[in-house]
Amino acid sequence: MDNSVVINLKEIKKIYDMGGAEEVQALRGVSVEIHKNEYVAIMGPSGSGKSTLMNIIGCLDTPSSGLYEFNGVNVSEMNDNQLAKVRNKEIGFVFQTFNLLARSDALHNVELPLIYAGVTSGERKRLAREALNHVGLGDRVHHKPNELSGGQRQRVAVARALVNRPSILLADEPTGNLDSKTGDEIMILFEELHHQGNTIILVTHEEYIAEHAHRIIRVRDGMVETDERVDKRKTVTTV
Amino acid sequence: MTGALETFLHEVRESLSMALISLRTNKLRSILTLLGIAVGVFSIIGVMTAMGVLISSIQNGMTFLGANTFQVQRTSPMMTGDINERLKMMNRRRITYEQAVQVKEFASLAKAVGIFCYLESPKVVIAEGGKKTNPSISVSGREIESFLANNWTIDNGRLFSQSELNSGNHVAILGADVVTKLYPKTDPIGQTIKVDGHKYQVIGTVQSRGSVLGGGDESFVLIPLSTFFGIYGKNQEFSFKVQADALAIDDCMEQVRGILRAVRHVPPGEEDDFAIISNDSLITQFSEFTKYLRLGIIIVSSIALLAAGVGIMNIMLVSVTERTREIGIRKAVGARKNHIMTQFILEAILISQLGGIIGIILGILGGNLLAVVMNTTAVIPMDWVLIGFLTCSVVGVVFGVYPAWKAANLDPIESLRYE
């Protein structure tokens, strides 16, 4: 299996200028490598720098110093438009609060990344339907988010994240707004996606969720505290 | 190159459809906003359409001038300019019968010259049974050429005969309004009418052309010019109508002007002391006359559009704040700044153009109410429609840029967290 490095972070620092002489060091030199088809959980309490790290990995933000290579390309000094392109092609986001366009139906929500990728309308609809089928929502394409359950909404978000065939799936507390049963359903879906070859990065503060991953990176005070493989993985195949 | 263009068109199309979706989801707000634009555009288009109706009614020859005809008289019908100029015009010398006859004699390019003379005040016409018209009937002495130059058709009876014109017989031809008033059921031909105590035998009537500009221009009695002289004397103010060939009308006008200047001894370099009225000059004068009205309307409408533009900006700013999260989502999945910018500007343009279209439609309908009242053809002022439409687009762009810029520069992380 191709085992190439997808994400390569070297000595990443992020400093927020709070005005005056006050500075906050959110990240104080983080170095991490993530390979293709890994299933990684990033854990840490609030204020640990976990969110900042996720934003940098997701190309929503750039580091103050350090090197970030994505598929071998240096993205740490890209401008807004170049970052937007990387997000569009390479990263699929899944958020705790789903972040779907409330007034658009599932199909349009899933189409969105393809619109900005410049895919023609017909092809877009086809790919979006395919992605919705893939997450088991083939019969809900014209439902709006408020006509769907929480679990279904998160599935739409997963379909949207996957529709561009990104290099990584970046999930920020994907089960945080779901009850445990639907949360498990989403974790099963992630399991399947991992088996199909997707690289998944899961950001969470719940051990229970992190244990689904192959590898857990614990962040504390802006640094990597531990980075270890999980030997006895928790697998859920049925609910 | 074509690839880049295709991508661009594709992006515009996508932004357009997204903008439409967002307008549709905010119906009430969009409608209220575009109403402001609609009112501004309505007032411009409405007034310009009404002007167009008036001008076209002049152009359609439904006025007192026939085709390829111009009229020469002492003063212009619509007086513009300052008080001194007007006084000067009022003090012009009369055009005498002799001067008019000389023009008739020497104007070789004219097909027909019809000299005529009005009584200064309108008259009451009394029929045999004692039936009276209002004191609003214009009485004029005419030559036979007048009928050609005025495009008058006799629909009942006959024209003046040569001997009647020569010997000053008391015969009269009536305009349609006089016929309707005095002889609603009887045949007017052969009847006797009385004007100023003088009796005339009715020999013909002029076919009605429908009334224009409030009507009233068919309330006339025509008598032979010689008859007119016999009763009222020759010491009058004369006018004449000239009919020319379609191709030679300008030359003919120049020729008549030259002859009249010569016989009235107007020194070279001084302006004419008479007025030549053609359909063109009427339209020019009308435009001149209504210039300030139009200017005023344009200013008022511009202020209205400005206010509406500020309204659009306001609503777009609210929309940007309200949709912060949406913008964050779009950015997270790969929207670039120009995508967001285009979408929001297009929204602003769409609102103002929709408002513009509504204003244009209402304006055309409103302005053409005049056409209905005047019983003439409807007009669509294409130039103003275009100007109105373009102005709306400009308003949309100008007032949409700042909100769109604000939206495009939102921080994706902050926006995604926005509640």
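Keep in mind it's a predicted model, so treat the numbers as computed, not measured. Lettering follows sequence order; numbering is per chain, from 1.
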Can you tell me how far the [atom1] atom of [X] sits from the [atom2] atom of [Y], to the nearest 0.5 Å?
| X | Y | atom1 | atom2 | value |
| --- | --- | --- | --- | --- |
| B:I413 | A:M54 | CD1 | CE | 8.0 Å |
| B:I329 | A:L100 | CD1 | CG | 7.0 Å |
| B:R336 | A:N79 | CZ | CG | 10.5 Å |
| A:R103 | B:R24 | CZ | CZ | 13.0 Å |

Using non-hydrogen atoms only, which part of [X] is less than 4.5 Å away from chain B: side chain, backbone, both, or neither?
| X | result |
| --- | --- |
| A:V119 | backbone |
| A:D80 | side chain |
| A:L83 | neither |

Looking only at heavy atoms and a cut-off of under 4.5 Å, which of A:K89, A:Q82, A:R124 has the most pairs with chain B?
A:R124

Closest non-hydrogen atom pair, B:K337 against A:N81:
N-OD1, 3.5 Å

Minimum heavy-atom separation for A:F95 and B:A332, please, with both atom names.
CZ-CB, 4.1 Å

Any side-chain heavy-atom pair of A:L101 and B:R330 under 4.5 Å:
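A:L101 vs B:R330: side chains touch.
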
Got B:K331 and A:R87 here, is their nearest side-chain heavy-atom distance under 4.5 Å?
yes

Within 6.0 Å of [atom1] in [X], more than 12 heavy atoms from elsewhere:
| X | atom1 | result |
| --- | --- | --- |
| A:K125 | NZ | yes |
| B:L32 | CG | yes |
| A:E123 | CD | yes |
| A:R220 | CZ | no |
| B:R294 | CZ | yes |

What donor-acceptor contacts under 3.5 angstrom involve side-chain atoms of residues 384-400 of chain B, with partners at least two apart or in another chain?
from	atom 1	to	atom 2	distance (Å)
B:T391	OG1	B:I387	O	2.6
B:S393	OG	B:Q353	NE2	2.7
B:S393	OG	B:F389	O	3.0

Consider side-chain contact (heavy atoms from CB on, under 4.5 Å). Of A:D172, A:L60, A:N55, which one does B:L416 pass it with?
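That would be A:L60; it is the only one of A:D172, A:L60, A:N55 passing the side-chain contact (heavy atoms from CB on, under 4.5 Å) with B:L416.
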
Counting heavy-atom pairs under 4.5 angstrom with chain A, the leader among B:A335, B:G328, B:P412 is B:A335

